[in-house]
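First the structure, in the form of structure tokens, and then the observations on it.
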Amino acid sequence: MKIVVLAGGVGGARFLTGVRAYAAERPGDVTAVVNAGDNVTLHGLRICPDLDTVMYTLGGGADPQRGWGRAGETWTVKAELAAYDGDAGWFGLGDRDLATHLVRTRLLAAGRSLSEVTAELCRRWRPGVTLLPATDDPFETHVVTPDGTMHFQEWWVRYRGAAPVDRFEFAGAAAATPAPGVIEAIAGADLVLLGPSNPVVSIGPILAVPGIRAAIAATPARVVGLSPVIGGAPVLGMADRCLAAIGVPCTAAGVGAHFGARAAGGLLDGWLVDVADAGTRVAGLPVRAVPLWMHDTAHTVAMVAAAADLGGTAGR
Ligand code: GDP
Ligand code: CA
């Protein structure tokens with residue numbers, strides 16, 4: 001069974017832990033298409049927060065409390081940077097984490113593509129899934145505010161989402177192409193999952209890479225989404241602010257309708273919501289309510305099994 005997952009960082013990584021365990025029992029193989037919009041250059045280093053979160057989590061190297069960055073992290077360099085410039089410490093660059101960015105930046109400077117570099121980094125982390133950035137091309141999510149435009153990381157991490165948002169922009173999207181393997185994986189999948197990641201700034205920028213939305217629309221695989229909103233609230237993070245900025249209600253029904261039924265020009269063949277949202281209806285879509293809290297791997301595997309079942313691919 002071939003499973004493709006569209007994923008952001010912390011939520012996507014947790015979900016992928018369950019997908020990997022589910023696939024191990026089939027057997028099956030998993031490709032994660034990871035958001036590239038968070039990628040940012042700081043201190044001359046290319047940093048890919050969502051790719052790294054997924055890589056560290058699946059590789060057993062993530063900090064379990066924070067959900068991002070390295071376990072056993074120290075912050076000497078961050079403190080030294082702040083000593084030069086009090087403003088420079090807003091992004092959590094840990095000492096261990098820095099090694100990843102140094103290696104990535106060196107390989108990129110030597111002419112390797114982001115997906116080649118990611119594969120190289122994964123030789124160490126062995127995530128057990130194929131990790132693909134949505135695109136190798138320059139691509140960043142920017143936030144347009146009344147006072148100007150800033151990188152998404154600055155809005156999210158530095159200002160904690162407090163700056164009012166006029167709109168999100170996917171800089172570089174028009175000229176971007178999907179990374180090698182992305183379209184092939186979607187076209188060759190049995191099941192495509194839109195994980196419970198932020199619909200606006202994690203799944204949105206993946207779909208903004210020209211060709212990916214069309215590949216999902218055309219795949220013979222079933223496409224099932226899992227709601228990142230439970231009982232009208234994001235479980236974690238600021239998806240409510242992001243959804244408000246694009247005029248989508250922060251409800252399981254709102255996000256389901258935002259992705260839409262494939263039969264009606266949308267993306268999904270089925271939509272999973274939490275039991276707290278039982279009774280949710282989305283035009284043209286089968287909706288099923290199951291527990292969607294990723295408390296641990298067992299709960300997450302059950303979510304994946306429910307998604308596979310809803311997609312009608314179970315036991316195929
Ligand atoms: P980020 O890039 O680190 O922000 O991570 P993602 O976009 O992949 O995931 C963040 C989203 O995951 C948030 O919008 C949350 O609503 C959602 N999320 C986190 N934990 C859970 C969970 O246990 N269940 C569900 N259904 N959604 C979750
Ligand atoms: Ca992210």
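Order of appearance sets the numbers: ligands from 1, and atoms from 1 within every ligand. We're numbering straight along the sequence, starting at 1.
Between Arg70 and Asp97 there is no salt bridge, since no side-chain N of the basic residue sits under 4.0 Å from a carboxylate O of the acidic one. Looking at Asp29 and Lys2, a side-chain N of the basic residue comes within less than 4.0 Å of a carboxylate O on the acidic one, giving a salt bridge.
A donor-acceptor pair shorter than 3.5 Å can be found between the side chains of Thr177 and Asp137.
Residue Ala239 has at least one heavy-atom neighbour below 4.0 Å for each of these atoms of ligand 1: 14 (O). Residue-ligand proximity, Pro234 to ligand 1, at heavy-atom distances under 4.0 Å covers atoms 16 (O). The ligand atoms of ligand 1 that sit less than 4.0 angstrom from a heavy atom of Leu236 are 13 (C), 14 (O), 15 (C), 16 (O), 19 (C). Near Val10, meaning under 4.0 Å from one of its heavy atoms, ligand 1 places the atoms 1 (P), 3 (O), 5 (O). Distances below 4.0 Å separate heavy atoms of Leu292 from the following atoms of ligand 1: 22 (C), 23 (O), 24 (N), 25 (C), 26 (N).
Within the 4.0 Å heavy-atom criterion, the part of Asp50 lying near ligand 1 is the side chain and not the backbone. Neither the backbone nor the side chain of Ala7 comes within 4.0 Å of ligand 1, counting heavy atoms alone. Of the heavy atoms in Pro228, both backbone and side-chain atoms come closer than 4.0 Å to ligand 1. Contacts of Ile230 with ligand 1, taken as heavy-atom pairs under 4.0 Å, involve the side chain alone.
Counted within 6.0 Å of CZ on Arg66, heavy atoms from surrounding residues, nucleotides or ligands total more than 12; the atom is thus considered enclosed.
Checked against a 3.5 angstrom limit, the closest N/O atoms of Asp38 and ligand 1 fall outside it. Residue contacts with ligand 1: Ser202 is placed with a nitrogen or oxygen under 3.5 Å of a nitrogen or oxygen of the ligand (distance criterion only). Ligand 1 has a nitrogen or oxygen under 3.5 angstrom from a nitrogen or oxygen of Met294. Every N/O-N/O distance between Trp293 and ligand 1 stays at or above 3.5 Å.
Asp50 contributes OD1 as its N, O or S atom closest to the Ca ion (ligand 2). Counting just the N/O/S atoms of Asp38, the one with the shortest distance to the Ca ion (ligand 2) is named OD2.
Between Val129 and Leu131 the shortest side-chain heavy-atom distance falls below 4.5 Å.
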### Task
Just do the side chain to side chain contact (heavy atoms under 4.5 Å, CB included) check on Thr57 and Arg14 with the steps written out, would you?
CA-CA 8 Å; Thr57 300; Arg14 280 202 189 131; 5.6 Å; no
